[in-house]
Amino acid sequence: PANRKHSKFRPDPDVDPMFTAHNEDYWKSGWSRGHMAPAGDNKFSQEAMNDTFLLSNIVPQNLDNNAGFWNRFEMYCRDLASRFEDVYVLSGPLYLPTQDGQQKVVKYPVIGGSEVAVPTHLYKVVVAERFNTPTSIAAFVVPNQRIGYQNLTDFQVPIKDLEKSAGFSIYPQLDRSKTKNLCELDSCKLLGKNEFELYFIGRKLQSARTLERAEKVWKELEEKNLKPDQYLVDLYAKKKEELSAKPSEE
DNA sequence: CTGTCCCTC
DNA sequence: GAGGGACAG
């Protein structure tokens, strides 16, 4: 499977140099580089994953949002793909107006020499299809800031509202009168705090190269008062054996 | 999983 | 510069 450690963020060579973003724009900007098409959706091919790191697929995103709520949102979409025949996900940035005295204004920061626009919100439209059931669809608009463990449905909006905000039609060929609300069919429930933290502690354990690192990751459990499941207990035991057997592998 | 930062080559 | 590991949510 593809590994994101082999991918690098880089300007998209197909974008005119006059318009492309650069990595330097993000450095010390206070904003992280957030994928629209997720790297994790492209593990089937290193080349495909590398393409998701092109800066044309990236927007300045709040780091906590990126690693937290948005991350869990993307995990939910991947999980949908295992339970439905076909899943389509459309993601992108929004620059929404805010009230400023008597009038509304659109205001957003720009970062770096390229003046990369920082979106106020991000959207996702999720379409899920399964044989013998109506196509289900839902749209979400999420502020580009730390969200925490709120419900995904808190951010659901009518498709029409999103179309108006975004300025284009979404799946215009789809007869919307024949579709269902995805969140009524499938709950739209994201991973909870415990399951989520256990998940990425598992990922860190797997990537640990030294016994010290593995032990340190394991201590995160106690510090956060998390109870490991059997999978994690077994993984830690296996990792400890593996890493103590050969302390310095060349 | 999502990232940043820093070190070595 | 490129690649890799440590680190954090």
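So you know, we letter chains A, B, ... as the sequences are listed, proteins then strands, and number each from 1.
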Listed nucleotide nearest any side-chain atom of [X], set [options]:
{"X": "Thr210(A)", "options": "dA6(C), dG3(B), dG3(C)", "value": "dA6(C)"}
{"X": "Lys216(A)", "options": "dG5(C), dC7(C), dG9(C)", "value": "dC7(C)"}
{"X": "Arg33(A)", "options": "dG3(C), dT4(B), dG4(C)", "value": "dT4(B)"}
{"X": "Phe196(A)", "options": "dT2(B), dG3(B), dG9(C)", "value": "dG9(C)"}
{"X": "Arg203(A)", "options": "dC1(B), dG9(C), dG5(C)", "value": "dC1(B)"}
{"X": "Lys43(A)", "options": "dC1(B), dC7(C), dA6(C)", "value": "dC1(B)"}

Position toward the 5' end of DNA chain C (nearest nucleotide), Ser207(A) or Gly68(A):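 Of the two residues, Ser207(A) wins.
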Closest-nucleotide ordering on DNA chain C, the 5'-leading residue of Arg146(A) and Ala208(A): Ala208(A)
Check: Ser32(A)/Asn66(A) side-chain N/O donor and acceptor closer than 3.5 Å: yes
[X] [atom1] - [N] [atom2] separation (whole Å):
{"X": "Asp64(A)", "N": "dC7(C)", "atom1": "CG", "atom2": "P", "value": "20 Å"}
{"X": "Lys204(A)", "N": "dG4(C)", "atom1": "NZ", "atom2": "P", "value": "21 Å"}
{"X": "Gln61(A)", "N": "dG3(B)", "atom1": "CD", "atom2": "C1'", "value": "10 Å"}
{"X": "His22(A)", "N": "dG1(C)", "atom1": "NE2", "atom2": "P", "value": "14 Å"}
{"X": "Glu215(A)", "N": "dA6(C)", "atom1": "CD", "atom2": "C1'", "value": "16 Å"}
{"X": "Arg4(A)", "N": "dA6(C)", "atom1": "CZ", "atom2": "P", "value": "17 Å"}
{"X": "Ile58(A)", "N": "dG3(B)", "atom1": "CD1", "atom2": "C1'", "value": "11 Å"}
{"X": "Arg213(A)", "N": "dA6(C)", "atom1": "CZ", "atom2": "P", "value": "7 Å"}

side-chain N/O His35(A) vs dG3(B) OP1/OP2, d < 4.0 Å: yes
Any Lys5(A) side-chain nitrogen or oxygen under 4.0 Å from OP1 or OP2 of dG3(C): no
Pick base, sugar-phosphate or nothing for [X], based on heavy-atom distances below 4.0 Å to the nucleic acid.
{"X": "Gly40(A)", "answer": "sugar-phosphate"}
{"X": "Arg10(A)", "answer": "nothing"}
{"X": "Gly202(A)", "answer": "nothing"}

5' priority, DNA chain B, between Trp31(A) and Ala2(A) [closest heavy atom]: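 Final value for this comparison: Ala2(A).
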Pair [X] + [Y], salt bridge at N-O below 4.0 Å:
{"X": "Asp175(A)", "Y": "Lys178(A)", "result": "yes"}
{"X": "Asp186(A)", "Y": "Arg83(A)", "result": "yes"}
{"X": "Glu242(A)", "Y": "Lys239(A)", "result": "yes"}
{"X": "Lys240(A)", "Y": "Glu215(A)", "result": "no"}

Plane angle bin for Trp218(A) and Tyr236(A) - parallel if under 30°, tilted between 30 and 60°, otherwise perpendicular: parallel
